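Note that ligands are numbered from 1 as they come in the structure, with each ligand's atoms numbered from 1 the same way. Predicted model only: the values in this text are computed from it and were never measured.
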Amino acid sequence: MPVLVMKFGGTSVATLDRIRRAAKRVGVEVAKGYDVIVIVSAMSGETNKLVGFVGETSPLYDAREYDAVVSSGENVTAGLMALTLQEMDVPARSWQGWQVPLKTTSAHSAARIEEIPTDNINAKFADGMRVAVVAGFQGISPEGRITTLGRGGSDTTAVAFAAAFDAERCDIYTDVDGVYTTDPRIADKARKLDRIAFEEMLELASLGAKVLQTRSVELAMRYNVKLRVLSSFEEQSDDAGTLVCAEEEIVESNVVNGIAYSRDEAKMTLISVADRPGIAAAIFGPLSDAGVNVDMIIQNISEEGRTDMTFSCPTDQVARAEKALAEAKERGEINYHDLVADTNVAKVSAVGIGMRSQSGVAAKMFKTLSDEGVNIKVIATSEIKISVLIDRKYMELAVQSLHDAFELDKTA
Ligand code: ASP
Ligand code: MG
């Protein structure tokens, strides 16, 4: 029988009533003839609570025990979902990660999926089970310890199962009815997209759109998994939500398809570093070793052999970056006058695969911001995105005016 993967996020399983509503939806797909793999998150708020418990108990916690505690929220919802389905006479069974077994690396709290053997679950399907309810977000390391995949990791569990079981589709049920051109809470003209290309979704997810874990989009793109994002709160038709798919499956597309933003970006400037061959490597090597995710980089024109180097990184990595650079200075690898962190910035980005073939997007973006009197501090571009760092107080204004300028409220 064809396999369908259905993932329910925290808000979709937040109460027993909502679990019942989700189970009904699963029942509909079973009735259509699918064998269904349901991936569940923890009830909303539960994972945050568990993370809090760990931090309060042990500030420098053992990551293996963090995973043991934090993975438990999903076990509860998996069992409750299986019970709910059984009450509806749907043959269902819950599976924790280790029972599948979903094998991961041993990078606790940020593990990557290595393999999902299909034998155990397929044997149960052959035996009459119609729904396998799998606890999302968790797996088992080569050492036999429980691991977790990073916050939001249930999305990645779902896509990985869809790839492993060659599912017809992977439906991600959430509290919004799809992927929007931008955050509707910021721009009321935001429009739901019927389709979006993997590459665009990947940029939007990594630039701050929280609807899907970035890693899940990477996986979906690699294995060409048809991914659909839809609401668990509305009655659904077959073309509800947003389909995340290959570029070839999208006929008409705007040049810019989304405006993303991130409040959690900081601008770091190293003042007066020696401008010599190898200086960038000497700065960014230690940052990368320390696990700092550097995004944008600017090197100023040098004067008398010295220059300023500016980069951006997530706000919660500022302390780590400062430490790594101070240590490199201590070791004599780099020499700088001062390190200035500006955490009052935000990153705003325009994303669209149409940029590959159409010029003028950057010019239009800069003109729009300048007309609004917004000063651009740092710029970064890729083939399909342009990002700028601006004062945080202008973030909403920038998002709205760019959404207007690129006419994202209109379809192509
Ligand atoms: N419950 C986990 C989290 O809140 C995983 C997930 O829901 O995707 O991060
Ligand atoms: Mg999520």
Is any NZ, NE, NH1 or NH2 atom of the basic residue among [X] and [Y] found under 4.0 Å from an Asp or Glu carboxylate oxygen of the other?
| X | Y | answer |
| --- | --- | --- |
| R191 | D409 | no |
| E396 | R263 | yes |
| R331 | E333 | yes |
| K124 | D127 | no |

E46, portion touching ligand 1 at heavy-atom distance under 4.0 Å: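 Neither; nothing of E46 gets under 4.0 Å from ligand 1.
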
Does any N/O atom on F137 come nearer than 3.5 Å to any N/O atom on ligand 1?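 By distance alone, the answer is no.
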
Determine whether any heavy atom of G9 lies closer than 4.0 Å to an atom of ligand 1.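 The answer is no: ligand 1 sits nowhere under 4.0 Å from a heavy atom of G9.
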
May I ask whether G152 places a heavy atom under 4.0 Å from ligand 1? yes

Considering non-hydrogen atoms of the protein only, which is the closest contact for [atom], and what is the distance?
| atom | result |
| --- | --- |
| atom 6 (C) of ligand 1 | S154 OG, 3.3 Å |
| atom 7 (O) of ligand 1 | S41 OG, 2.8 Å |
| atom 2 (C) of ligand 1 | E74 OE2, 3.4 Å |
| atom 4 (O) of ligand 1 | R151 NH2, 2.9 Å |

Indicate yes or no: at least one non-hydrogen side-chain atom of E203 is less than 4.5 angstrom from one of E200. no

Side chains of L408 and K189: closer than 4.5 Å at any heavy-atom pair? no

